[in-house]
Amino acid sequence: MKYLVPGIAALALSGCFGEGDKIYTVDELMADQALLAKITSECRSNPGALRQTPNCQNAEAAHWKLWLRTTPGG
């Protein structure tokens, strides 16, 4: 029983820090709206663990850049 909680924590964290996770640039995310929406959804569903990850930060920056492009005078 004493190994259950650390084991579950290790499994949960291993999913967050997979070696195969690609880091997308702001430009890549701006060009692929579906990918941007997917990453944004993941980041918003778990902000405590994901907010400071490169993909979440790049997704936020991509959202701002796209928003600035669509606003009048932007």
Side-chain angles (χ1 to χ4, degrees):
M1 184 69 170
K2 70 179 184 176
Y3 296 110
L4 183 62
V5 174
I8 291 172
L11 284 174
L13 290 175
S14 68
C16 295
F17 302 108
E19 291 178 7
D21 292 343
K22 180 181 182 334
I23 297 174
Y24 296 97
T25 66
V26 173
D27 291 333
E28 288 174 319
L29 292 170
M30 288 175 64
D32 188 341
Q33 295 288 313
L35 179 61
L36 177 59
K38 177 183 175 276
I39 291 175
T40 300
S41 175
E42 291 171 359
C43 295
R44 290 182 179 164
S45 69
N46 192 359
L50 300 176
R51 177 180 240 173
Q52 297 302 318
T53 62
N55 277 338
C56 289
Q57 291 178 344
N58 289 347
E60 187 67 28
H63 268 292
W64 274 107
K65 283 183 135 182
L66 288 170
W67 182 79
L68 289 173
R69 280 187 182 175
T70 60
T71 57

Problem set entry | salt bridge (charged side-chain N to carboxylate O under 4.0 Å, His left out) contacts in which one or both residues fall within residues 27-43, not counting sequence neighbours | K22-E28, K38-E42

For this session: Identify whether Y24 and L50 are in the same connected component of the hydrophobic contact network (ILVMFWY, side-chain heavy atoms under 4.5 Å).
Result: no

For this session: Would you please name every residue forming a side-chain hydrogen bond (donor to acceptor under 3.5 Å, both in side chains) with E60, sequence neighbours left out?
Result: W64

Problem set entry | Distance (rounded to the nearest 0.5 Å) between N58 CG and C43 SG | 10.0 Å

Exercise. Which atoms form the tightest heavy-atom contact between I23 and P54, and what is the distance?
Worked result: CG2-CB, 3.7 Å

Seminar exercise, completed: Closest non-hydrogen atoms of M30 and Q33, given as atom of the first, atom of the second and distance, are O-NE2, 3.2 Å

For this session: Under the side-chain hydrogen bond (donor to acceptor under 3.5 Å, both in side chains) rule, collect the residues that match up with K65, sequence neighbours excluded.
Result: none

Problem set entry | Under 3.5 Å: donor-acceptor pair, side chain of T40, backbone of L36 | yes

For this session: Please round to the nearest 0.5 Å and tell me the distance separating atom CG of L29 and atom CD1 of I39.
Result: 5.0 Å

Exercise. Among pairs that include at least one residue of residues 48-59, which meet salt bridge (charged side-chain N to carboxylate O under 4.0 Å, His left out), considering only residues two or more places apart or in two chains?
Worked result: none

